[in-house]
Participant: 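Quick one: structure below, then a few questions.
Being a predicted model, the structure only gives us computed values, none of them experimental. The chains referred to below are lettered A, B, ... by the order of the sequence lines, with proteins before strands, and numbering in each begins at 1.
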Number of protein chains: 2
Amino acid sequence: MRPFAIGVLSERTGVKVPTIRFYESIGLLPAPERTQTNRRTYDEDTVRRLRFIRHARELGFEVDAIRTLLDLAAHPERPCAEADVVARRHLADIDDRIERLTGLRAEVQAMLDQCTGGQVRECRVIEVLANHGECLSEKH
Amino acid sequence: MRPFAIGVLSERTGVKVPTIRFYESIGLLPAPERTQTNRRTYDEDTVRRLRFIRHARELGFEVDAIRTLLDLAAHPERPCAEADVVARRHLADIDDRIERLTGLRAEVQAMLDQCTGGQVRECRVIEVLANHGECLSEKH
DNA sequence: TGAAGACCTCTAGCTACTAGAGGCTTGTCT
DNA sequence: AGACAAGCCTCTAGTAGCTAGAGGTCTTCA
């Protein structure tokens, strides 16, 4: 396969052109070869690398974590414990966020349940916001 | 009560001093009176308003939504339907995020479950990231 | 009186992109 | 061959909601 342009890379990976340039600028993608007229050219390796990045992003991994994972992927002989750690940390982070959101959900739902639909004067939504004491939990 | 300084407002509301100035700059808080030496002075009204803001932020409302809610809170004679809409939209947003996170959680968990702890060469975490086809869902 | 601490403004940084301006190059159609 | 659109280039700035720091003034307390 011939080297191809950034637009082709974009289409083949589903990552937008400006995003590809952005990834290059932060060092997630290496600076590619250029044509004589200064255009970036890519090869299959970059397609694989970028798909890896995209997929990890879709799963919510942060760029720093992806850097570590990419680094690991490049060294097949190393133990995979480190990848495990990264993924476990991410899982814990997701759990954390789910838990907090679930708590919030309950508060907002409770607020809405109490709303009788009258005037703002007696609106529970506004009132709960104004008075923290009425909340389900003291946590926030 | 005498008017008080920004540090006092900060302590009484739990909102950091730079954040208070930031809220002023984006118009969430009105520009306060100043002393002759240009220091901001606040009163009880601001404490209430800022507590309202803080509480809404803690519940995950966006600044724009808070603007609407504050506006409503200032007009007790209006119907509270609008507050209801804001809160319901927020609830839907939270549900959405929980759902997406739950999906992610399952993917990451599945990835981890398959890891046998050997070398990166046979690491499922790395492999799953490299090959989207192995995912639980096609959604992402 | 002198030093610490609180206050002031302004700028820049965080995450992960996205959008736009202004200007070349490439490809296609006639 | 020439015209014109589409694609590429760089650079800057904007998104949300703050946070941190520089460099300077003012207040408070021992």
Participant: Does R40(A) use its side chain to pair, donor to acceptor, with the backbone of E33(A) at less than 3.5 Å?
Facilitator: no

Participant: OP1, OP2 of dT10(D) versus side-chain N and O of R40(A): anything below 4.0 Å?
Facilitator: yes

Participant: Has Q119(B) got a side-chain atom pairing as donor or acceptor with E77(A)'s backbone, closer than 3.5 angstrom?
Facilitator: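 Answer holds: yes.
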
Participant: Any donor and acceptor pair, going by atom type alone, linking the side chain of R57(B) with main-chain N or O of F61(B) inside 3.5 Å?
Facilitator: yes

Participant: Main chain of E62(B), side chain of H90(B): is a donor-acceptor contact present, judged purely on distance under 3.5 Å?
Facilitator: no

Participant: Over how many whole Å does the gap from R57(A) atom CZ to dT18(C) atom P extend?
Facilitator: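 Those two atoms, CZ and P, are 10 Å apart.
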
Participant: Can you tell me if the side-chain N/O atoms of T37(A) get under 4.0 Å from OP1 or OP2 in dC8(D)?
Facilitator: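 T37(A) to dC8(D) OP1/OP2: no side-chain N or O under 4.0 Å.
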
Participant: What is the distance, to the nearest angstrom, from the CD atom on E11(A) to the C1' atom on dC8(D)?
Facilitator: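 Nearest whole value for this atom pair: 14 Å.
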
Participant: With no hydrogens and no angle check, is any side-chain donor or acceptor of D43(B) less than 3.5 Å from a backbone partner on T46(B)?
Facilitator: yes

Participant: Under a 4.0 Å N-O cut-off, is there an ion pair linking R100(B) with D96(B)?
Facilitator: yes

Participant: Could you check how far CG of L50(B) sits from C1' of dG17(D), rounded to whole Å?
Facilitator: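 In whole Å, dG17(D) C1' lies 14 Å from L50(B) CG.
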
Participant: Check R49(B) with D45(B), please: is the shortest side-chain N to carboxylate O separation under 4.0 Å?
Facilitator: no

Participant: Any ion pair linking R12(B) and E44(B) (charged N to carboxylate O, less than 4.0 Å)?
Facilitator: yes

Participant: For K16(B) and dT19(D), is the shortest distance between a side-chain N/O and OP1 or OP2 below 4.0 Å?
Facilitator: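 Checking dT19(D) against K16(B), a side-chain N or O does come within under 4.0 Å of OP1 or OP2.
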
Participant: Could you check how far CG of L9(B) sits from C1' of dA6(C), rounded to whole Å?
Facilitator: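 In whole Å, dA6(C) C1' and L9(B) CG are 14 Å from each other.
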
Participant: Whole angstroms only, please: what is the CD1-P distance between I20(B) and dC18(D)?
Facilitator: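 In whole Å, dC18(D) P and I20(B) CD1 are 12 Å from each other.
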
Participant: Nearest-Å distance, CZ (R54(B)) to P (dG17(D))?
Facilitator: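 One finds 17 Å between P of dG17(D) and CZ of R54(B), rounded.
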
Participant: Check for a donor-acceptor pair, side chain of S10(A) on one end and backbone N or O of V15(A) on the other, with a separation under 3.5 Å.
Facilitator: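 Yes, the answer is positive, given that a donor and an acceptor are paired below the 3.5 Å cut-off.
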
Participant: In this structure, how many angstroms lie between the C1' atom of dT27(D) and the CZ atom of F4(B), rounded?
Facilitator: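 It is 19 Å, rounded to the nearest whole Å.
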
Participant: In residues 21-36 of chain B, which ones come under 4.0 Å of DNA chain D, going by heavy atoms?
Facilitator: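 Residues of residues 21-36 of chain B that come under 4.0 Å of DNA chain D are, in numerical order, F22(B), Y23(B).
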
Participant: Round to a whole Å and report the spacing from CD of E58(A) to P of dC17(C).
Facilitator: 10 Å

Participant: Between the protein and nucleotides 2-7 of chain D, which nitrogen or oxygen pairs are less than 3.5 angstrom apart?
Facilitator:
residue : atom : partner : partner atom : Å
dG7(D)  : N2   : R39(A)  : NH2          : 2.4

